[in-house]
Amino acid sequence: MIRIGVLVSGSGSNLQSIMDACERGGIDGQVAVVISNVPDAYALERARDRSIPTVVLSHNDYPDRSAFDRELAITLKEYRVDLVALAGFMRVLSDEFLGEFPGRIMNIHPALLPSFPGLGVRRKAIEHGVRFSGCTVHFVDAGVDTGPIIIQAVVPVYPDDTEEELRDRILALEHKIYPKAIQLFAQGRLIVTGRKVYVRGFDKDAAQCLVNPPLDI
Ligand code: GRF
C-alpha cells in the first residue's frame with residue numbers, strides 16, 4: 001500500500017478520482033495528506049469529507065519559492081508519502097524539491113504533451129484546429145510539463161467546440177488515467193529509462209487507431 005500526498009490549488013476533481021479509486025481498490029494505496037496552497041480550494045472540502053488530513057501552505061506566507069518548497073517537502077515527509085501527485089497544483093516546483101522525491105512526483109496535464117504545455121491549453125488546442133487532444137500523466141522534471149510520459153488518453157476536438165465542452169470531454173478521461181498511472185506506480189510496473197517509461201506486463205496493440213473526421217463519412 002503506497003502513501004500518496006496530493007497537492008492541489010482548485011476544485012480537486014482529480015483528487016476525488018484518486019480518493020475514489022483508493023476506496024474501491026483501484027489503487028493499492030491511500031491518500032495520506034492533501035496539501036493546498038490556496039486556503040479556500042474546494043479540493044480541501046473533498047478531502048475533509050473523506051476524513052483525509054489536509055494542510056494549507058499559502059505561498060504568500062513564505063519569503064521565496066525555496067522557503068515554500070522546503071516547508072512543502074517537510075510536510076510531505078511528516079506524512080511519509082511514497083508518491084507526490086500534483087492535481088491542479090498551480091505552482092512550479094524548485095529543483096531542491098524535486099531532489100527530495102526523485103522519480104516520485106507525477107502531474108496531470110489537459111493536453112497531449114509535448115503539444116500545448118503550460119496554461120490555457122484547451123483554448124489553444126481549439127484555436128490551432130487540431131483534430132485530437134487529450135490528457136497526459138507524466139513524471140515531473142525540472143521543466144514545465146516536460147517529464148517522462150506515463151499514460152495518455154485521446155479525445156476528438158471539433159472546430160466549433162467551446163472551451164467548456166473540450167474541458168469536460170478531457171476531464172472525464174483525466175479521472176480514468178490518473179488513478180491508473182498511480183496504480184501502475186503502486187504495482188511497481190513503471191520503469192523509467194531516460195525519457196521513456198516502460199510499463200511491465202501488457203501486449204502491444206499496433207492496430208489501435210483513431211481518425212477524425214472518420215473515414216466512412
Ligand atoms: C485539470 O484539468 C488538470 O489536468 C490540470 O488542472 C486541472 C485540475 O482540475 N493540471 P481539478 O482541480 O482536478 O478538478
Side-chain angles (χ1 to χ4, degrees), residues 1-57 71-91 93 97-98 100-110 134-140 145 147-153 155 167-192 197-202:
M1 291 284 272
I2 60 162
R3 294 173 61 81
I4 309 158
V6 184
L7 306 189
V8 297
S9 303
S11 126
S13 69
N14 278 287
L15 164 68
Q16 188 73 53
S17 73
I18 294 166
M19 293 188 301
D20 291 348
C22 289
E23 205 163 279
R24 59 162 198 272
I27 294 175
D28 300 331
Q30 66 180 100
V31 178
V33 64
V34 173
I35 305 176
S36 175
N37 66 318
V38 176
D40 60 354
Y42 182 61
L44 291 166
E45 234 168 274
R46 296 182 192 262
R48 287 184 201 117
D49 274 357
R50 293 291 176 90
S51 307
I52 288 170
T54 58
V55 176
V56 173
L57 294 180
E71 192 58 33
L72 199 54
I74 289 169
T75 309
L76 288 161
K77 286 184 180 205
E78 268 168 18
Y79 284 90
R80 305 187 320 279
V81 310
D82 304 297
L83 177 71
V84 180
L86 312 186
F89 184 62
M90 301 302 284
R91 299 268 310 166
L93 295 164
F97 182 89
L98 301 183
E100 296 287 340
F101 301 93
R104 292 189 290 137
I105 309 173
M106 284 185 191
N107 182 42
I108 184 145
H109 182 75
C135 43
T136 304
V137 180
H138 62 92
F139 285 111
V140 175
D145 302 323
I149 292 169
I150 301 164
I151 185 169
Q152 295 186 304
V155 300
R167 182 200 59 209
D168 291 348
R169 200 177 296 142
I170 292 173
L171 209 48
L173 282 173
E174 291 185 33
H175 299 158
K176 293 191 169 139
I177 68 169
Y178 211 174
K180 183 67 190 180
I182 293 173
Q183 173 65 345
L184 291 171
F185 178 90
Q187 292 172 320
R189 291 173 66 190
L190 300 179
I191 302 130
V192 185
V197 181
Y198 292 86
V199 181
R200 257 194 259 268
F202 83 107

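The figures here come from the full heavy-atom set of this structure, side chains too, leaving out hydrogens, waters and symmetry mates. The chain is numbered in sequence order, starting from 1. All values reported here derive from a predicted model rather than from experimental measurement.
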Worksheet item: Looking only at heavy atoms, which two atoms of Ala47 and Val34 are closest? And how far apart?
Response: CB-CG2, 3.7 Å
Item to complete: Specify the closest pair of heavy atoms between Ile4 and Cys22, including all atoms of both residues, with the distance to one decimal.
Response: CD1-SG, 4.1 Å
Discussion item. Out of the candidates Asn107, Asn37, Leu72, only one should pair with Leu7 under the side chain to side chain contact (heavy atoms under 4.5 Å, CB included) rule; please name it.
Written reply: Leu72
List the atom pairs, donor and acceptor, that lie under 3.5 Å between side-chain atoms in residues 171-183 and the rest of the protein, sequence neighbours left out.
{"residue": "Glu174", "atom": "OE1", "partner": "Asn14", "partner atom": "ND2", "Å": "3.0"}
{"residue": "His175", "atom": "ND1", "partner": "Leu171", "partner atom": "O", "Å": "3.4"}
{"residue": "His175", "atom": "NE2", "partner": "Ser13", "partner atom": "OG", "Å": "2.9"}
{"residue": "Tyr178", "atom": "OH", "partner": "Leu86", "partner atom": "N", "Å": "3.2"}
{"residue": "Tyr178", "atom": "OH", "partner": "Leu86", "partner atom": "O", "Å": "2.8"}
{"residue": "Tyr178", "atom": "OH", "partner": "Met106", "partner atom": "O", "Å": "3.1"}
{"residue": "Gln183", "atom": "OE1", "partner": "Asp28", "partner atom": "N", "Å": "2.8"}
{"residue": "Gln183", "atom": "NE2", "partner": "Asp28", "partner atom": "OD2", "Å": "3.2"}

Worksheet item: At their closest point, which heavy atom of Val6 faces which heavy atom of Ala87, and how far apart are they?
Response: CG1-CB, 3.8 Å
Discussion item. Quick check: do Phe185 and Ile150 have side-chain heavy atoms less than 4.5 Å from each other?
Written reply: no
Fill in: Ala32 to Val81 - nearest heavy-atom pair and separation
CB-CG1, 4.3 Å
Worksheet item: Distance from Leu57 atom CG to Thr75 atom OG1, nearest 0.5 Å?
Response: 4.5 Å
Worksheet entry | Side-chain donor/acceptor of Ser36 to backbone N/O of Leu44, under 3.5 Å | no
Worksheet entry | For Arg50, all residues meeting salt bridge (Lys or Arg N to Asp or Glu O under 4.0 Å), sequence neighbours excluded | Asp20, Glu23
Worksheet, complete the sentence: Taken to the nearest 0.5 Å, the spacing of Glu78 CD from Glu71 CD works out to 7.5 Å
Fill in: Any Val199 side-chain heavy atom under 4.5 Å of Leu190 side chain
yes
Discussion item. Determine whether a donor-acceptor pair (N or O, by modelled atom type, separation under 3.5 Å) exists between the side chain of Arg189 and the backbone of Gly201.
Written reply: yes
Discussion item. For the CD1 atom of Ile27 and the CG atom of Leu83, what is their distance to the nearest 0.5 Å?
Written reply: 9.0 Å
Item to complete: Output yes when a side-chain donor or acceptor of Arg46 lies under 3.5 Å from a complementary backbone atom of Ser11, and no otherwise.
Response: yes
Discussion item. Whether the side chain of Arg3 engages the backbone of Tyr79 through a donor-acceptor N/O pair (distance < 3.5 Å, no angle test) should be reported.
Written reply: yes
Response to the item:
Heavy atoms of Arg104 and Glu100 approach each other most closely as NH2-O, 3.7 Å
Worksheet item: Closest heavy-atom contact between Val155 and Arg169?
Response: CG1-O, 3.8 Å
